[in-house]
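Quick notes on the structure that follows.
This is a predicted model, so every value here is computed, not measured.
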Amino acid sequence: MNRKKIINIAVIAHVDAGKSTLVDALLNYSGALAKSQINIEQVMDSNDLERERGITIYSKNCSINYKDIKINIVDTPGHADFSSEVERIIATVDTVILLVDSSEGPMPQTRFVLEKSLERGLHPILLINKIDKRDQRAIDVVDMVYDLFVSLNATDKQLDFPILYGVTKVGVIKKSFDDEAKSIEPLLETIVEHVGVYENKDSSPVQMQVSALAYDEYIGRLGIGRLLSGVLKVGQQVAIIKNEKVRKTTISKLFIYQGTQRVAVNDVYSGDIVMIGGVDDISIGDTVCLPSHIMPMPSIQIEEPTLSVNFLVNTSPLAGKSGKYITSRNIKERLERELEVNVGLRVEATETADKFKVSGRGELHITILVENMRREGYELAVSKAEVITKVIDGVTMEPYEELIITVPEKYSGSIISKLNLRKATLNSMEQKDDYLIMSWEIPTRTLIGYRQEFINDTHGEGIMVRQFKQYGPYAGDINNRRNGVMISTEAGTAMTYSIFNLQERGMFFIGPQTEVYEGMIVGIANKDLDMDVNPTKNKKGTAIRTAGQDEAMRLVPHRQLNLEMALEFIADDELVEVTPDALRLRKKFLKKHERKQFYRNND
């Protein structure tokens with residue numbers, strides 16, 4: 001394979017700024033897409049969950065050719081729960097394209113990823129996207145980005161960043177707001193002019209650091225990183241440095257990216273992003289070099305988890321009816337496999353063999369794993385999320401988040417009142433048309449379970465964005481849920497007659513003909529106490545004919561639960577039962593007398 005000039009770039013932004021759409025436009029322009037991919041939106045978001053949610057969950061690599069230069073592109077996640085992955089990816093690129101919405105301006109995640117880029121000494125390119133919006137304020141947003149750069153202590157050279165404007169959805173980028181550009185070429189020209197190609201270091205000794213992992217069921221774990229210097233060849237002996245320990249191994253497979261495809265090659269040249277196969281136990285931060293030239297690189301720090309849940313074997317009466325993998329051994333093996341590539345996750349054994357403590361960067365980080373397991377045929381039960389506290393200098397500390405709330409002004413009073421009850425501190429507030437934009441600092445723990453309440457309070461018109469900020473002093477106790485739940489006292493099938501007579505006492509999570517069991521939570525009560533109900537009771541038949549007709553039973557539509565809502569809703573003594581075909585809520589202790597005994601012992 002002949003050596004090519006190489007530039008590596010990453011696209012960084014907040015959620016929904018248009019990162020994946022920009023990558024689509026670059027791939028389309030360069031002709032790197034196969035015929036079957038041309039009409040697919042967000043072609044890099046190939047995972048089913050990514051397509052359903054409309055967000056990028058896993059960072060992905062692709063490449064395009066522009067003139068005689070190969071440009072490797074990394075599409076990064078925009079959600080705060082995956083920020084540690086973005087941080088590692090930045091170490092493999094020459095520059096970043098900072099994508100900012102022309103209306104929203106810089107958001108909390110924008111600040112985080114930009115800060116990491118500036119610390120690495122990169123010189124970003126600013127792209128103001130979605131300038132076709134009616135409420136665009138591109139000029140103001142540029143000033144806001146300048147202020148952000150200054151607040152992050154950018155150097156004079158970093159402050160002299162190129163500014164582009166565009167609508168990535170239609171593949172148009174302009175060098176000035178009033179240009180008549182009709183393609184994405186101005187961006188490619190800017191990348192080449194602003195960055196320049198990677199220096200040829202083929203004659204130097206091999207040096208590379210693993211920044212990401214992938215898994216292949218035939219080859220095993222794959223290490224992904226940038227080859228900083230030297231040339232790697234299949235069959236070559238290399239040294240792997242992990243925690244100052246050196247071991248020798250042989251490379252069995254090498255892959256690079258061509259378009260959206262992973263392609264096997266025999267040799268890789270300096271500057272390119274490479275996947276190494278055949279190296280057992282390779283992990284993030286490992287240095288790959290020659291045995292004759294040991295050159296370790298500083299280890300990569302993985303951000304600590306802030307939230308944990310317990311994964312348990314499903315013990316409900318309906319266990320095993322739809323799942324393929326239901327035992328603790330199945331769950332343990334699946335979690336171990338996840339740890340191969342998901343380095344931000346932590347799995348710990350507990351006092352019992354059928355329970356595992358799983359810790360991650362946030363609710364989304366954990367629920368993505370649970371949803372994937374569910375779709376693969378696993379059954380399990382998941383406990384309420386708990387924050388991970390630390391003791392520093394004898395003081396208990398808990399994680400705090402930066403929370404940006406955008407709400408119509410008429411709903412702001414209710415939001416401010418409820419956030420104050422949740423121990424939040426208001427940092428700033430500004431008005432934009434009929435909306436208020438508020439910045440808060442709030443304990444992560446008190447935010448659990450708030451999203452659905454926020455949607456209800458703002459009638460679906462509010463926007464809530466959160467980002468881990470720091471550890472701070474423990475804020476004290478809070479009662480997150482104000483209502484009790486309706487608990488089934490019988491096993492059987494839920495009946496219309498029963499639900500109709502009970503619906504004035506609360507809102508149901510189930511509809512008629514749903515299978516229920518004793519101890520299953522079937523709805524939320526109007527009062528603040530738990531309520532035992534029998535949803536299986538049917539109207540008694542009689543042989544006596546009546547002159548009148550029965551009143552039609554009109555049921556209030558039941559609330560459909562998704563995984564995030566279910567995990568936010570449950571209390572400490574409750575579980576979410578996850579199966580391939582259903583999500584159910586239940587008490588940890590299904591029998592009424594067991595629950596009474598538990599409450600008595602814990603009072």
**Study point:** SB check Arg337 Glu333 (cutoff 4.0 Å)
**Key:** no
**Study point:** Atom pair CE (Met464) and CG (Leu447), whose distance is rounded to the nearest 0.5 Å
**Key:** 6.0 Å
Practice item. Please name the residue in the list Arg505, Lys587, Arg595 that meets the salt bridge (Lys or Arg N to Asp or Glu O under 4.0 Å) test with Asp532. Key: Arg595
Practice item. Classify the angle between the aromatic ring planes of Phe509 and Phe569 as parallel (below 30°), tilted (30 to 60°) or perpendicular (above 60°). Key: perpendicular
Review point. Ignoring hydrogens and geometry, is there a side-chain-to-backbone donor-acceptor pair from Arg445 to Gly476 under 3.5 Å?
Key: yes
Study note, to complete from the structure: Between the CG atom in Leu339 and the CZ atom in Arg334, the distance rounded to the nearest 0.5 Å is 10.0 Å
Check your understanding: Can you tell me how far the CG atom of Leu345 sits from the CD atom of Glu338, to the nearest 0.5 Å?
Key -> 6.0 Å
Check your understanding: Do any N or O atoms from the side chain of Lys242 and from the backbone of Asp281 form a donor-acceptor pair under 3.5 angstrom?
Key -> yes
Exercise for review: May I ask you to say whether Lys390 pairs ionically with Glu304, meaning some side-chain N is under 4.0 Å from a carboxylate O?
Suggested key: no
Review point. Any donor-acceptor pair under 3.5 Å linking the side chain of Ser498 with the backbone of Met495?
Key: no
Point to revise | For Asn538, side chain to side chain donor-acceptor pair (under 3.5 Å) partners two or more places apart | key: none
Practice item. Identify the heavy atoms of Val246 and Ala239 that sit nearest to each other, and give their distance. Key: CG1-CB, 3.9 Å
**Study point:** Donor on one side chain, acceptor on other, Lys592 and Thr489, under 3.5 Å
**Key:** no
Exercise for review: Please round to the nearest 0.5 Å and tell me the distance separating atom CG of Asn61 and atom CZ of Phe255.
Suggested key: 14.0 Å
Practice item. Taking atom NZ of Lys469 as the centre, report whether more than 12 heavy atoms of other residues, nucleotides or ligands fall under 6.0 Å from it. Key: yes
Study note, to complete from the structure: Ile294 and Ile241 have their tightest heavy-atom pair at CG2-CD1, 3.5 Å
Review point. With a 4.5 Å limit on heavy-atom distance, are the side chains of Lys321 and Thr579 in contact?
Key: no
Review point. So how far is it from Glu115 CD to Ile90 CD1, rounded to the nearest 0.5 Å?
Key: 10.5 Å
**Study point:** Nearest non-hydrogen partners of Asn330 and Ile326, listed with the distance
**Key:** OD1-N, 3.2 Å
Check your understanding: Short question: side chain of Thr496, backbone of Pro512 - any donor-acceptor pair under 3.5 Å?
Key -> no
Practice item. Identify the heavy atoms of Ser283 and Arg221 that sit nearest to each other, and give their distance. Key: CB-NH1, 3.7 Å
Check your understanding: Given side chains that start at C-beta, do those of Pro296 and Glu244 come closer than 4.5 Å, heavy atoms only?
Key -> no
Practice item. Decide side chain to side chain contact (heavy atoms under 4.5 Å, CB included) for Leu419 and Phe454; before the verdict, give the C-alpha distance in whole Å, the side-chain angles of both, and the deciding distance to 0.1 Å. Key: CA-CA 10 Å; Leu419 286 176; Phe454 173 77; over 6 Å; no
Point to revise | Flag, side chain of Asn314 to backbone of Ala381, donor-acceptor distance under 3.5 Å | key: no
Check your understanding: Does any N or O in the side chain of Glu574 come within less than 3.5 Å of the main-chain N or O of Leu585, such that one atom is a donor and the other an acceptor?
Key -> no
**Study point:** Tyr450 side chain vs Glu568 backbone, donor-acceptor pair below 3.5 Å
**Key:** no
Exercise for review: Begin with the C-alpha distance, continue with both residues' side-chain angles, and end with the deciding distance and a verdict on side chain to side chain contact (heavy atoms under 4.5 Å, CB included) for Val309 and Lys384.
Suggested key: CA-CA 6 Å; Val309 299; Lys384 181 180 173 65; over 6 Å; no
Exercise for review: Please report the shortest heavy-atom distance between Met486 and Met507, naming the atom on each side.
Suggested key: CE-O, 3.8 Å
**Study point:** Heavy-atom donor-acceptor pair, Gln209 side chain to Pro298 backbone, under 3.5 Å
**Key:** yes
Review point. If we only count heavy atoms from C-beta on, is the Thr367 to Val382 side-chain gap below 4.5 Å?
Key: no
Review point. Is there a side-chain contact between Ile331 and Ser328, using heavy atoms and a 4.5 Å cut-off?
Key: no
Review point. Does some side-chain heavy atom of Leu590 sit less than 4.5 Å from a side-chain heavy atom of Pro317?
Key: yes
Check your understanding: Do you know which two heavy atoms are closest between Leu583 and Leu561, and how far apart they sit?
Key -> CD1-O, 3.9 Å
Check your understanding: salt bridge (charged side-chain N to carboxylate O under 4.0 Å, His left out) between Glu453 and Arg422: does it pass, once the steps are laid out?
Key -> CA-CA 12 Å; Glu453 191 176 337; Arg422 291 173 180 267; 2.9 Å; yes
Check your understanding: Is the shortest distance from a Lys or Arg side-chain nitrogen in Arg466 or Glu363 to a carboxylate oxygen in the other one below 4.0 Å?
Key -> yes
Exercise for review: Indicate yes or no: at least one non-hydrogen side-chain atom of Thr446 is less than 4.5 angstrom from one of Glu401.
Suggested key: no
Exercise for review: Indicate yes or no: at least one non-hydrogen side-chain atom of Arg559 is less than 4.5 angstrom from one of Met565.
Suggested key: yes
Exercise for review: Is it possible for you to check whether Arg586 lies under 6.0 Å from the centre of the six-membered ring of Tyr517, through NZ or CZ, and within 45° of that ring's axis?
Suggested key: no
Review point. Are Leu502 and Lys537 close enough, and set up right, to give a side chain to side chain contact (heavy atoms under 4.5 Å, CB included), and what steps lead you there?
Key: CA-CA 11 Å; Leu502 288 168; Lys537 185 178 180 182; over 6 Å; no
Check your understanding: So, the side chain of Asn483 versus the backbone of Ala525: is there a donor-acceptor pair under 3.5 Å, distance only?
Key -> yes
Exercise for review: Let me know which of Ile73, Val274, Ile224, Val74 forms a side-chain contact (heavy atoms from CB on, under 4.5 Å) with Tyr257.
Suggested key: Ile224
**Study point:** Validation row, ring centre Phe311 to ring centre Phe356 under 6.0 Å
**Key:** no
Exercise for review: Any chance you could lay out the side chain to side chain contact (heavy atoms under 4.5 Å, CB included) test for Arg226 and Asn72, step after step, and finish with the verdict?
Suggested key: CA-CA 10 Å; Arg226 180 176 214 174; Asn72 285 311; over 6 Å; no
Check your understanding: Asn534: what forms a side chain to side chain donor-acceptor pair (under 3.5 Å) with it, not counting sequence neighbours?
Key -> Thr536
Review point. Is any side-chain heavy atom of Gln237 less than 4.5 Å from a side-chain heavy atom of Thr249?
Key: no
**Study point:** Distance, nearest 0.5 Å, that separates OG1 of Thr315 from CD of Glu379
**Key:** 11.0 Å
Practice item. Please say whether more than 12 non-hydrogen atoms of neighbouring residues, nucleotides or ligands are located less than 6.0 Å from NZ in Lys332. Key: no
Practice item. Check for a donor-acceptor pair, side chain of Ser308 on one end and backbone N or O of Val358 on the other, with a separation under 3.5 Å. Key: no
